[in-house]
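The structure appears right after this line, and notes come after that.
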Amino acid sequence: MNIFTYFETQFAAIILQLGEAGQIKKELDISRVVFELPRDQEHGDLATNAAMVLAKPAAMKPRDLAVLFSEELKTIDGVVDVEIAGPGFINLRINPLLWAREISEVLTAAHDYGRNNAGQGANVNIEYVSANPTGPLHAAHARGAVIGDALAGLMAFSGWNVTKEYYVNDAGGQVDILARSAYLRYCEALGDDIEIEAGLYPGEYLKDVGSKLAAKYGDKYHKRPEEEWLSTFRLFAVSEILVGIKEDLKALGIQMDRFASERELVENGAVQKAVDKLKADGHVYMGVLEPPKGKEPEDWEPREQLLFRASNFGDDTDRPLQKSNGSWTYFASDVSYHFNKLERTKGQLIDIFGVDHGGYVKRMKAAVEAMSGQKDMLDIRLCQLVNLMENGKPVKMSKRAGNFVTVRDVIEAVGADVIRFIMLTRRNDQTLDFDYAKVTEHSRDNPVFYVQYAHARACSVLRQSDGVPSEVDLSVLKDPAELAVIKLLSSWPKMVESAARAHEAHRIAFFLVDLASSFHSLWNAGRDNPDLRFMIDDNPVVTAARLQLVKATSLVIATGLNVLSIKALDEM
RNA sequence: GCGCUCGUAGCUCAGCUGGAUAGAGCACUAGACUACGAAUCUAGGGGUCGGGAGUUCGAAUCUUCCCGAGCGCGCCA
């Protein structure tokens with residue numbers, strides 16, 4: 001059993017026992033009680049907030065509770081000292097062997113160390129990327145892609161049943177423009193001189209689509225009116241673009257479970273169905289919106305339209321579902337899409353959006369609340385921009401000219417694993433500088449390298465050994481530098497679980513940097529003091545224990561990287 | 001004008017859902033290479049957590065009001 005759960009279990013027994021004895025109230029809620037690593041070494045090996053958290057429900061003073069608890073905690077096997085500190089913290093010092101035994105936990109579970117059941121098999125649907133199918137993925141899409149995919153990996157590792165989903169916006173005006181742009185390229189392929197007018201997509205990538213259209217249809221649609229070819233070309237172009245997007249995702253290590261089509265929702269009446277449902281529940285009405293304050297559009301006219309009562313669910317105003325021409329707004333189809341996801345998932349939804357969709361969060365959460373009847377069925381994580389840099393200077397991009405940097409370009413430049421890790425070295429709502437030079441640099445500055453190097457070093461030791469013995473005396477591991485690594489290793493399961501619950505995959509990346517740092521420190525301690533080297537020629541007992549520690553470290557680093565779908569390197 | 005996100009060391013950022021004297025890296029200063037990989041490590045200085053008020057045993061974290069930055073604000077997606 002993991003050391004933290006061990007103490008939490010023991011503590012639960014103590015609460016029960018004290019309750020039975022009438023010394024404290026019975027059935028106190030101990031869900032907020034935690035045993036954790038104190039930041040400060042002076043505070044011992046483990047600390048608990050139990051006395052402070054339980055003071056109010058127990059109607060006792062924290063210090064008095066702490067005294068009661070500490071008497072009992074002292075009797076737990078392996079506890080060597082208990083002290084009460086500050087406002088009521090209880091600090092435990094424990095036999096180093098208890099820590100060292102954590103290594104056995106790691107080695108036994110191996111690549112499943114840290115796997116947990118926080119999700120208890122609940123379904124969760126994570127929607128990410130969802131870039132418009134009008135061109136290849138560009139670099140900016142990579143962040144949301146990685147954040148969503150890493151979160152999917154993390155939650156799957158933590159016992160959720162995850163569906164990874166991409167919403168294809170193949171129904172709006174954007175894809176008409178795509179079709180017209182493809183038509184031009186089609187004409188070009190048939191030998192016409194073309195000029196790409198403003199408002200169409202100028203990208204070279206459509207040449208290929210044009211040639212394929214020419215090969216398939218010959219001159220059948222050449223110089224024909226738009227209504228003859230538009231829907232055909234739209235379908236064809238979207239499908240071609242999606243093939244490319246799927247290839248890009250695959251190159252990034254991403255395999256979606258489902259590509260959901262907006263067009264299908266509109267065509268099979270799902271939008272109508274979702275709106276009808278809202279209507280039946282009284283969340284929809286015909287009304288007139290106030291013009292937006294401050295920046296009033298030139299062509300504003302008050303107009304009666306179909307509105308969703310978003311303001312009943314925390315949004316600032318009600319939101320239109322229908323355009324003036326009678327077609328659905330993007331919001332309406334997205335409402336139906338979320339309704340569809342709720343029905344399919346029977347569990348929580350997570351959307352990964354770019355910051356530019358920040359204004360959309362309230363209404364979407366409002367809609368999901370209205371449809372599900374529950375708050376918090378939808379979590380939306382916004383991801384901030386990525387600044388592409390080359391040696392500290394911004395990489396120039398002109399989307400208008402169609403020469404933006406694609407995901408493919410970046411993968412070819414630095415590799416998918418580097419992208420995946422770097423994208424997680426900032427919280428999702430912080431902007432991130434992605435510098436081609438820095439992310440491939442072999443230095444302490446580069447977290448990917450730093451973590452991979454730690455793994456490679458550990459592997460190097462293992463290669464030079466005669467194998468890791470299975471029966472060892474772990475009590476010889478008691479140097480502070482060794483214990484520091486072990487403590488981090490044993491906090492891995494806890495860390496994974498809380499990161500999964502918080503929907504924050506970046507914590508994994510930060511943990512790995514910490515672990516790498518701690519391991520590098522231990523390594524270095526062996527340089528200053530030969531007694532601390534992993535392999536000691538005339539001391540097979542110590543060597544054996546340390547090889548297990550090295551093995552455990554490499555396992556946890558590899559597992560952490562694996563959760564993020566990054567391959568650990570055995571050699572640099 | 002309103003809303004959302006953010007503001008933490010000179011710089012780049014963490015801070016485990018309210019815990020102890022706020023932590024890393026870079027940079028700076030002083031050290032460590034007869035190497036289980038020095039592509040690294042050790043030590044040190046450096047903070048009114050944007051500002052004020054509030055909530056309580058306890059606030060970077062929660063509430064509120066200011067200041068500043070980014071994003072968004074009917075019939076684009």
Side-chain angles (χ1 to χ4, degrees), chain A residues 32 34 36-40 42-43 47 49 52-53 55-56 61-63 85-89 91 130 132 134 169 171-175 262 288-295 297 299-303 305 307 315-317 319-320 322-327 329-331 333-334 354-362 382 384-385 425-427 429-433 441-447 449-450 453 456-457 460-465 491 494-495 497-499 501-502 504 506-507 510-511 513-514 517 520-528 530 533-537 543 546 550 571-572:
Chain A
R32 288 180 60 217
V34 291
E36 55 190 357
L37 296 176
R39 216 193 312 261
D40 190 339
E42 296 295 306
H43 296 141
N49 59 355
M52 291 177 297
V53 171
K56 194 168 278 178
K61 288 181 186 166
R63 297 288 295 205
F89 285 100
N91 297 328
S130 296
N132 287 340
T134 54
N169 297 128
Q174 308 268 11
V175 284
E262 180 189 7
V288 181
L289 283 179
E290 296 282 308
K293 296 264 161 56
K295 198 189 74 176
D299 58 347
W300 174 268
E301 283 172 33
R303 174 177 291 124
Q305 54 192 342
L307 298 172
D315 200 357
D316 314 299
T317 176
R319 302 294 178 179
Q322 248 170 350
K323 301 180 191 171
S324 56
N325 66 7
S327 67
T329 58
Y330 175 77
F331 176 60
S333 66
D334 214 3
V355 271
D356 52 333
H357 287 60
Y360 204 70
V361 171
K362 276 190 179 182
L382 296 180
Q384 261 289 2
L385 305 174
T425 54
R426 286 290 112 90
R427 226 189 317 145
D429 46 18
Q430 289 280 0
T431 57
L432 180 146
D433 289 344
E441 196 172 86
H442 286 188
S443 80
R444 175 70 183 87
D445 287 351
N446 178 4
F449 167 76
Y450 192 63
Y453 182 42
R457 270 184 147 178
S460 165
V461 174
L462 297 173
R463 272 196 302 272
Q464 297 189 35
S465 73
S491 66
K494 228 181 148 125
M495 213 286 312
E497 195 178 321
S498 62
R501 289 186 197 280
E504 293 190 344
H506 73 270
R507 291 190 200 173
F510 281 94
F511 173 88
V513 174
D514 280 351
S517 170
H520 285 308
S521 282
L522 176 58
W523 185 292
N524 185 252
R527 279 202 305 245
D528 294 341
R533 291 160 73 98
F534 296 120
M535 291 190 284
I536 312 282
D537 286 344
T543 301
R546 288 183 181 160
V550 172
E571 290 179 279
M572 300 305 291

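Here is how names work: the chains are called A, B, and so on, in the same order as the sequence lines, proteins then strands, and each is numbered from 1.
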Please evaluate the base of B/U40 for a donor-acceptor partner in the side chain of A/R527 within a cut-off of under 3.5 Å?
->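 Flag set: donor-acceptor pair detected.
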Closest non-hydrogen atom pair, A/A502 against A/R507 |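 Nearest pair, atom of A/A502 first, then A/R507: CB-NH2, 3.4 Å.
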Do you know which two heavy atoms are closest between A/S333 and A/E262, and how far apart they sit?
->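 In this case the closest contact between A/S333 and A/E262 is OG-OE2, 2.7 Å.
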In whole Å, measure the gap between the [atom1] atoms of [N] and [M] for me.
N     : M     : atom1 : value
B/C49 : B/A9  : P     : 10 Å
B/A60 : B/G18 : C1'   : 11 Å
B/A27 : B/U40 : P     : 11 Å
B/G47 : B/U21 : C1'   : 13 Å
B/U42 : B/U17 : C1'   : 35 Å
B/G44 : B/G7  : C1'   : 29 Å
B/G10 : B/U56 : C1'   : 36 Å
B/U64 : B/G45 : C1'   : 38 Å

Distance test, side-chain N/O of [X] to OP1/OP2 of [N], below 4.0 Å:
X      : N     : value
A/K362 : B/C4  : yes
A/Q464 : B/G37 : yes
A/S333 : B/A77 : no
A/R501 : B/U17 : no
A/R39  : B/A22 : no
A/R533 : B/C36 : yes
A/S460 : B/G37 : yes
A/Q430 : B/G70 : no
A/W523 : B/A35 : no

[X] [atom1] - [N] [atom2] separation (whole Å):
X      : N     : atom1 : atom2 : answer
A/H520 : B/G37 : NE2   : P     : 13 Å
A/M495 : B/U17 : CE    : C1'   : 15 Å
A/R427 : B/U12 : CZ    : P     : 15 Å
A/H506 : B/G15 : NE2   : P     : 4 Å
A/M52  : B/G18 : CE    : P     : 14 Å
A/D429 : B/A14 : CG    : P     : 8 Å

Would you please indicate if the ring centroids of A/Y453 and A/H520 are separated by under 6.0 Å?
->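 Yes, close enough.
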Relative to the 5' end of RNA chain B, which residue comes earlier, A/E42 or A/P302, by the nucleotide with the nearest heavy atom?
->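 Its nearest nucleotide being more 5', the pick is A/E42.
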Base, sugar-phosphate, or nothing for [X], non-hydrogen atoms under 4.0 angstrom?
X      : result
A/E262 : sugar-phosphate
A/G86  : nothing
A/P320 : sugar-phosphate
A/N325 : nothing
A/N91  : base
A/Y450 : sugar-phosphate
A/T431 : sugar-phosphate
A/T329 : nothing

Nearest listed nucleotide, side chain of [X], among [options]:
X      : options             : value
A/K323 : B/A32, B/C76, B/U17 : B/C76
A/D528 : B/U40, B/A32, B/C76 : B/A32
A/Y453 : B/C57, B/A38, B/U12 : B/A38
A/R444 : B/U40, B/G37, B/A14 : B/U40

With rounding to the nearest 0.5 Å, note down the distance linking CZ in A/R319 to CZ in A/F331.
->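 CZ of A/F331 is found 7.5 Å from CZ of A/R319.
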Output the distance between atom NE2 (A/H43) and atom CG (A/L37), rounded to the nearest 0.5 Å.
->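 Here the interatomic distance stands at 13.5 Å.
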Compare all side-chain heavy atoms of A/R533 with those of A/W523 and state whether any distance is below 4.5 angstrom.
->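 No, every pair of side-chain atoms sits at 4.5 Å or beyond.
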Determine whether A/F511 and A/S491 make a side-chain contact, defined as any pair of heavy atoms from C-beta on separated by less than 4.5 Å.
->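 A/F511 vs A/S491: side chains touch.
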Are a donor atom and an acceptor atom from the side chains of A/N132 and A/T134 found within less than 3.5 Å of each other?
->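 No pair is found: no donor N or O on one side chain lies under 3.5 Å from an acceptor on the other.
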